[in-house]
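Notes follow the structure.
We count residues from 1, following the sequence as given.
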Amino acid sequence: MINIFKALLIIFIEINVYHLLGIGIVKVKWLPKPKNIMQKILYGFILYHCIFWLIAFPASLYNGTLQLVTIVWLVVLIVCLTAEIFYCYKEIIFSYKMLYTKMIKYKLLLVSFFIFTGILLYYTCINGQSDIDAHTYIGEVSSMVTTNRIVGIEPMTGQTVNIIEFRRSF
């Protein structure tokens with residue numbers, strides 16, 4: 001049960017980071033103006049992952065350590081969010097006020113959404129590790145954490161990988 005609350009907290013934090021990044025990128029004016037908060041979150045999601053892969057992909061090509069990528073990514077994210085808070089302070093306050101009024105207006109929908117999300121997370125925590133995709137993913141992540149490398153170990157065979165697979169470029 002504690003894992004469900006941790007997962008909900010992580011989802012809440014991620015959505016807020018995406019929302020903040022979305023507010024900042026909207027101010028750049030080369031994207032269409034978002035009509036609702038979900039478009040801001042979507043813009044932030046895309047920006048977050050583009051910046052992350054601009055750091056992670058070159059590190060994987062040079063067989064950098066996972067620790068180095070984590071530190072660089074943390075510094076870049078803190079710098080981006082801090083700059084955005086100073087640069088877009090009024091827009092952030094306005095957006096969260098608008099979000100609060102929408103949450104009050106649609107509170108029944110929001111409660112049902114959180115109940116559904118909780119049920120989905122519970123099902124995933126109980127049954128999510130029983131297929132081959134989950135085992136492969138868990139193997140990849142475990143080998144990355146154990147070896148402190150982004151790539152380098154094939155989780156199914158334990159062999160060293162000398163090339164970067166094309167699928168990692170996306």
Side-chain angles (χ1 to χ4, degrees), residues 3-103 105-106 109-110 112-114 116-121 123-125 128 131 133-134 136-138 140-141 144-145 149-152 163-170:
N3 287 341
I4 294 171
F5 291 119
K6 287 179 186 177
L8 284 173
L9 179 65
I10 289 169
I11 289 171
F12 176 76
I13 291 169
E14 283 183 346
I15 288 174
N16 277 293
V17 168
Y18 300 153
H19 183 212
L20 287 174
L21 290 174
I23 292 169
I25 195 138
V26 165
K27 195 164 180 154
V28 175
K29 305 282 189 213
W30 55 270
L31 287 173
K33 186 172 178 162
K35 295 181 176 46
N36 57 34
I37 199 154
M38 287 309 295
Q39 281 182 309
K40 287 180 189 175
I41 292 172
L42 179 64
Y43 288 164
F45 176 83
I46 293 168
L47 177 64
Y48 178 93
H49 287 284
C50 286
I51 294 171
F52 174 78
W53 282 108
L54 286 174
I55 295 168
F57 186 65
S60 66
L61 289 176
Y62 292 110
N63 203 14
T65 64
L66 191 58
Q67 183 179 12
L68 176 67
V69 173
T70 303
I71 291 169
V72 170
W73 174 239
L74 182 63
V75 168
V76 168
L77 188 62
I78 288 172
V79 167
C80 286
L81 290 177
T82 304
E84 183 171 340
I85 287 171
F86 287 121
Y87 182 64
C88 304
Y89 181 76
K90 291 178 184 175
E91 289 86 355
I92 292 170
I93 298 294
F94 176 75
S95 185
Y96 275 105
K97 281 182 182 178
M98 188 175 65
L99 178 63
Y100 179 74
T101 58
K102 296 288 184 183
M103 287 172 61
K105 185 176 179 182
Y106 298 109
L109 232 73
L110 193 61
S112 62
F113 168 75
F114 280 120
F116 176 74
T117 304
I119 291 169
L120 187 63
L121 286 171
Y123 177 79
T124 304
C125 288
D131 63 351
D133 290 334
T136 303
Y137 177 72
I138 291 169
E140 285 182 10
V141 170
M144 287 177 191
V145 171
R149 295 276 177 231
I150 299 172
V151 293
I163 59 170
I164 303 295
E165 296 177 16
F166 185 69
R167 67 184 174 105
R168 297 212 185 266
S169 64
F170 295 109

- Would you check if the side chain of T82 reaches a backbone N or O of I78 as a donor-acceptor pair within less than 3.5 Å? yes
- Query: Below 4.5 Å, heavy atoms only, C-beta onward: do Y123 and I119 meet side chain to side chain?
  - Reply: no
- Message: If I compare all heavy atoms of G24 with all of C88, which pair ends up nearest, and what's the gap?
- Response: CA-SG, 3.9 Å
- Query: Is the count of non-hydrogen atoms from other residues, nucleotides or ligands lying under 6.0 Å from M38 atom CE greater than 12?
  - Reply: no
- Note on the structure: On a heavy-atom basis, the closest approach of V69 and A59 is CG2-CB, 3.3 Å
- Message: Quick check for you: to the nearest 0.5 Å, what is the distance between I10 atom CD1 and K6 atom NZ?
- Response: 8.5 Å
- Message: For Q39, is there any backbone N or O sitting under 3.5 Å from a side-chain donor or acceptor partner on N36?
- Response: yes
- Say you draw a straight line from OG of S95 to CD1 of I92; how long is it, rounded to the nearest 0.5 Å? 8.5 Å
- Mind checking the CD1-OH spacing from I37 to Y18? Nearest 0.5 Å is all I need. 15.5 Å
- Item | Where Y43 and P32 come nearest, the two heavy atoms and their spacing | OH-O, 3.0 Å
- Note on the structure: Rounded to the nearest 0.5 Å, the CG atom of L81 sits from the OH atom of Y48 at a distance of 9.0 Å
- Item | Check: H19 and Y96 side chains under 4.5 Å, non-hydrogen atoms | yes
- Indicate yes or no for a side-chain donor-acceptor contact from T101 to the backbone of M98 under 3.5 Å, with no hydrogens or angles considered. yes
- Task: Measure the acute angle between the ring planes of W73 and F52, then classify it against the limits of 30° and 60° as parallel, tilted or perpendicular.
- Result: perpendicular
- Message: Testing the basics here: between V72 and I55, what is the closest heavy-atom pair and its distance to 0.1 Å?
- Response: CG1-CG2, 3.8 Å
- Message: What's the separation between atom CD in E14 and atom CG in L9, rounded to the nearest 0.5 Å?
- Response: 10.0 Å
- Look up atom CZ in F116 and atom CG in L120, then write down how far apart they are to the nearest 0.5 Å. 5.0 Å
- Query: Would you say the side chain of K90 lies within less than 4.5 Å of the side chain of F94, judging by non-hydrogen atoms?
  - Reply: no
- Query: With side chains defined as the heavy atoms from C-beta onward, is the minimum distance between I51 and L21 less than 4.5 Å?
  - Reply: no
